[in-house]
S.K.: 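Here it is: the structure, laid out below.
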Amino acid sequence: MTTTNKALQSWVKEIEALTQPSLIHWCNGSDDEYDALVASMVDSETLQPLNPETHPDCYLHLSDPSDVARVEQFTFVCTDNETDAGPNNNWMDIVTAKRKMNALFKGCMQGRTLYVIPYCMGPIDSPYARCGVEITDSPYVVINMKLMTRMGDQALARIEKEGQFVKGLHSTGELDPERRFIMHFPEENSIMSYGSGYGGNALLGKKCHALRIASWQGRQEGWLAEHMLILGLESPEGDTHYIAAAFPSACGKTNLAMLIPPEQYSGWKVWTLGDDIAWMHLDDEGQLRAINPEAGYFGVVPGTSEKTNPCAYNMIQKNTIYTNVAQTADKQPWWEGKKTGEPAIDWHGIDCSSEQEGSVNIAKGPAAHPNSRFTVSAKQNKNYSSLAEAPEGVPISAIIFGGRRRELAPLVHESFSWEHGVLMGASVASETTAAAAGQVGLVRRDPMAMKPFCGYNFGDYWEHWLSFAKKSAQPEKLPRIFHVNWFRQDDAGEFLWPGFGDNIRVLQWIAQRCEGKVDAQATPIGFFPEIEDINTTGLEITANTMRELLSIDTHVWLEEMDAIKVYLEQYGDRTPQELYRQLAKVIARLKVSETGKLQAIA
Ligand code: SAT
Ligand code: MN
């Protein structure tokens, strides 16, 4: 045994007896270990080396074609009391779930190696960081966890000191979609995942631990685990605001976190702290501070180019694991939106010119899977913030919620108060993307972008969010809350806002609001910028388009508020009354403005 921690020792023994592996490997997290695993995966053809001249130490993994995204329908939160999981989660009772999972895991690692991966979510010396141990039979998971977390000896040392860790058991099983389940047991800090080797289903430190289990812990202990990027916006004067922003999967969090300012913004910098998850705590002064529990990125590849995200594009030229992209004839990785090169072999591993099913020609599908991913260490990001490893985290000035919406939601607006901001977050709706299995492009409610990730009843979650206004020693120090929509389209289906680097124009207004430097217009749904306060120098955008981006249709918004009310009601008496009070205020203001009277203010 390679640990002094008794609980870990006996858990590994118990899992060994259950799964019957041929070998046990305790991961130390070293580079040598990573290299050896990569070499053996190349031998077994589960990894393909990419062109070493153009992409040194880059590898391609092609997953099973049935296993390319998170599977929300097979993801469960198992609690004593069903209502604690809430209508936002699939629920199964603990005994049935364990029986089912134990049957699947029984003997499943015969002939395989069992890897024990101790990992730490958050800077290793941060009081806010938490550890876990993932047991898996997938070397692909091990190498991804090495890039995505602080993994190995250091994490084990912390576990031995603290005596606490989240238990995550994973097996790829037979990759049979009928035998695929991701189960969470938040009351005992454990996860069991079977039958998928992909992303959030298998890298248990990410969505399973750092969001579902951590959100539950955060509620018990008074902090927040959120599906948010964290960035630092530095002005030419050298002032930096830290901003946390929640968007659903595959809506541009990685791009925003790595934004490169356009020419007109010389002297401005965006520093990345995280691109997916934020853990936020109130400090003694009542300031909300955030850490990024992760140490790397598992980003969507399609659409990443020198133009859309030069930072990520440069980062993934070396030491990167690619999953489900295509390849050029000379073995460079290729994907839709790369803007250079041509695919020769698609993500099924099939020659693009062949007539075989699955190839681009026949299926007319993309050569790279729309949810294909890169895994890369954050250290390769040249804009990685110097405070990203700070144990105490960074002070958050603003929280942004957003979704992908063709219509309705304006480019940006600010809440009237913390409580109104919580309603704004709870009301987020977005079009579904390829990050989860299922139809793409349907609008669904995705409160705080946490629909697939909140490990407990949304009603209790909103109450927890609201409690920060009372808990903070100085509530006026709480971040201001904004909502953005980069995805509004005109009648012809064209995007109205350029997005990408130009989003800094909106961030600048947000920073000015936080500093109290700019006035705003009170509308029924929140504070809007005056059109001239969004800097559009150098942009080809007309005043009319800006007006359209910052307009709302009162009638449609009244309908939206009714729909939000119906949605909130699904959570029964767990929905905080405060949200209904906030909703009633918005409706009253909309009605006043609809009848043409003067717009009332909060
Ligand atoms: O597959 S993951 O859950 O890690 C990616 C995502 O959906 O954000
Ligand atoms: Mn995500």
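As the structure lists them, so they are numbered: ligands from 1, and atoms in each ligand from 1.
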S.K.: Are Arg70 and Glu72 ion-paired here, with the side-chain N under 4.0 Å from a carboxylate O?
M.R.: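 Looking at Glu72 together with Arg70, the answer is yes, because their closest N to O distance falls below 4.0 Å.
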S.K.: Anything under 30° is parallel, anything over 60° is perpendicular, the rest tilted; go ahead and classify Phe458 against Tyr571.
M.R.: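 Because their plane-to-plane angle is over 60°, the rings of Phe458 and Tyr571 count as perpendicular.
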S.K.: Using the ring of Phe487 (Phe, Tyr or Trp, six-membered ring only), decide whether Arg404 places NZ or CZ under 6.0 Å from its centre and within 45 degrees of its axis.
M.R.: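 Judged by the rule, Arg404 and Phe487 form a cation-pi pair.
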S.K.: Charged N to carboxylate O below 4.0 Å: is that the case for Lys98 and Glu188?
M.R.: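 So Lys98 pairs with Glu188 through a salt bridge.
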S.K.: Can you list the residues that meet the side-chain contact (heavy atoms from CB on, under 4.5 Å) rule with Thr19, with sequence neighbours excluded?
M.R.: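 Only Ile15, Pro21, Phe105, Cys108, Met109, Leu114 meet the side-chain contact (heavy atoms from CB on, under 4.5 Å) criterion with Thr19.
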S.K.: With the side chain counted from C-beta on, respond yes when Arg488 and Glu407 share a heavy-atom pair under 4.5 Å apart, and no when they do not.
M.R.: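 With C-beta onward as the side chain, the pair stays apart.
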S.K.: Could you pull out every protein residue that has a heavy atom closer than 4.0 Å to ligand 1, ordered by chain and then number?
M.R.: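 For ligand 1, the residues that come within the 4.0 Å heavy-atom cutoff are Arg70, Gly199, Gly200, Lys206, Lys207, Ser249, Phe298, Arg373, Ala435.
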S.K.: I'd like to check the salt bridge (charged side-chain N to carboxylate O under 4.0 Å, His left out) partners of Glu294; sequence neighbours left out, ordered by chain and number.
M.R.: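 For Glu294 the salt bridge (charged side-chain N to carboxylate O under 4.0 Å, His left out) partners, ignoring immediate neighbours, are Lys206.
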S.K.: Protein N/O/S atoms under 2.8 Å of the Mn ion (ligand 2)?
M.R.: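 Counting only protein N, O or S atoms under 2.8 Å from the Mn ion (ligand 2), the list reads Lys207 NZ, His227 NE2, Asp276 OD1.
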S.K.: Ion pair present between Arg405 and Glu431, side-chain N to carboxylate O less than 4.0 angstrom?
M.R.: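 No, no charged N to carboxylate O under 4.0 Å.
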S.K.: Give me the one residue out of Arg179, Arg180, Arg112 that meets salt bridge (charged side-chain N to carboxylate O under 4.0 Å, His left out) with Glu174.
M.R.: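 Exactly one candidate clears the test, Arg179.
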